[in-house]
Amino acid sequence: MLDRKLLRKDPQAVADGAAAKKEKIDINLWINADSKRRELMLQIEELRKHRNSLSKAVSMKKRNGENADSEMALSRDTGLQLSSLEKEISAIDESLAEMEHTFPNIPDADVPLGGEENNVVLRSWGQIPEFNFTPKPHWELMEEVFQPEAAGRIAGSNFILFRGWAARLQRTLISWMLNYHTEAGMEEIWAPFVAKAESMTATAQLPKMEDDMYKIGRDGLFLIPTGEVPITNLYRDQMLEEADLPVRLCGYTPCFRREAGSYGKDNRGLNRVHQFEKVEMVRLEHPDRSEDAHQELLSHAAGMLELLGIPYRILLLASGDLSFAAAKCYDIEIWSAGQEKWLEVSSISNFRDFQARRGNMKFRPNGGGKTQFLHTLNGSGLALPRLIISIVENGQQADGSIILPPALVELMGTEVIR
RNA sequence: GGAGAGGUGGCCGAGCUGGUUUAAGGCGUACGCCUGCUAAGCGUAUGUAGGGGAAACUCUACCGAGGGUUCGAAUCCCUCCUUCUCCGCCA
């Protein structure tokens, strides 16, 4: 959610920001409703003030045993006027809030304009592996341990099922990544894998992404599309002290996405599935330090890939590729040797105070003073299926065996998968 | 699922036989005083949001959410959410 003061002061910036994200909003509709609301509010406060003083007069007179009928009659009239104005204003409030929830966050000044094609590759790391044979895609290398047909029988198409070493590799990676984060000082969270609409609204999956989420109709709950939702919402409606910042969290969750309308597009194998596992990093920061924190999260996430020896590149996303709530976002992509393409394994975003406003997450500055919205950030650290793709495809040998990254050998109990 | 008890400002906690409470008191915090040293004491200030004012200040709303009763609701009534206790059920 954006600051109403900003909406009033600089509606053009809001409109430009939305346009840069290819979101359609009608800022004039909001401005008109807002000024109508303020006008009504003035009248309402005037009437309330009047009624309050009448009430006080009634109270005094009654205490003194005097007759207060005329004040009571006046007060009743005032009350009637009030209730019609209040009805009017609450309708306006509702439509204002509804509009505000559809206004996207404004991209930072250093975010390039344009669509995906304007994403900027900032840097890359590692050597793209070369083979003296034709490398296979992971679905061929994993034929015995990755069984989409079985998952389809159980849950429907585009769900996945691992057995044997693939299941173990996934478990190992989750554990290994969580260790990496907690050793760097993050607190590990285990949170619910479902969330209510309020939580989804705070982190801004709602209203925009409703069709992409699984909803449990009977209880009005949603399956989480990312660990960001429960972990960030841990602090919804909470007031922190400045000294509590930064809050550094991580956690494993499955992620459920309907991926409506994406069938047939890059969805072979593990590339795009309805349920995938992910370790998420979440950070609550002082507004002055969120930019630094953003850089830090990025290099922290990239550090994992260096330990695993997986080539990656970092993209600064263009405005049109930014999510609804993000002000700025880096993607980390890793190399898939069998498909010869880059795969996104992490999105690391700074939301500034956008989610904090929606979720009412504030802190009290040192030495007291006015409370402020804090800044929220998050990043995948990392998404598992695509990480598994890279490990498997990049580590393959001519005989179909797979050499594991040395960092995983201890937990996997072997150096090579045959 | 059944029964009961709660949800008040950053926290704790009074008020809940409706009107001098436009929320007492405490803790915490800030500033000052005192004190020969990371203590204690004393004084003052301190909820959130919005409006008006150059400012001191002032107005309005908010006591889980929404509705109702009333001239007037933290206080009475209804619905919902949520926490806790006991019982049942399941693991």
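Every chain is numbered from 1, with letters handed out A, B, ... down the list of sequences.
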Atom CG of Asp93(A) and atom C1' of G51(B) are separated, to the nearest Å, by 14 Å

Leu54(A) CG to U70(B) C1', in whole Å, measures 15 Å

Nearest-neighbour nucleotide for the [X] side chain, [options] considered:
X         : options                : value
Ser55(A)  : G51(B), G72(B), U82(B) : G72(B)
Lys362(A) : G50(B), A49(B), G72(B) : A49(B)
Arg8(A)   : G51(B), U48(B), G19(B) : G51(B)
Val58(A)  : G19(B), G72(B), G10(B) : G19(B)
Lys5(A)   : G50(B), A61(B), C59(B) : G50(B)
Arg364(A) : C59(B), G47(B), G19(B) : G47(B)

Paired with Leu411(A), the side chain to side chain contact (heavy atoms under 4.5 Å, CB included) test is passed by just one of Leu404(A), Thr172(A), Leu169(A), Leu173(A), namely Thr172(A)

Taking any heavy-atom pair under 4.0 Å as a contact, classify [X]: base, sugar-phosphate, or nothing.
X         : value
Thr78(A)  : nothing
Leu42(A)  : sugar-phosphate
Lys56(A)  : nothing
Asn52(A)  : sugar-phosphate
Lys370(A) : sugar-phosphate

Please determine, for [N], whether a Watson-Crick or G-U wobble partner exists with both distances under 3.5 Å, and give it or none.
N      : value
C37(B) : none
C42(B) : G32(B)
C16(B) : none
C62(B) : G47(B)
G72(B) : none

Practice task
Give a yes-or-no answer on whether the side chains of Thr376(A) and Gln355(A) include a donor-acceptor pair shorter than 3.5 Å.
Solution key: yes

**Report entry** Glu280(A) side chain to Tyr252(A) side chain, donor-acceptor N/O pair below 3.5 angstrom
**Finding:** no

Any cation-pi pair here, Lys208(A) with Phe324(A), using under 6.0 Å and within 45°? no

Ion pair Glu23(A)/Lys21(A), N-O distance below 4.0 Å:
no

Residue pair Glu198(A)/Glu46(A) against RNA chain B: nearer the 5' end by closest nucleotide is Glu46(A)

Assign each of His50(A) and Ser59(A) the nucleotide of RNA chain B bearing its closest heavy atom; nearer the 5' end lies the nucleotide of Ser59(A)

TODO: Take atom C1' in A24(B) and the same atom in A30(B), then report the distance between them in whole Å.
DONE: 22 Å

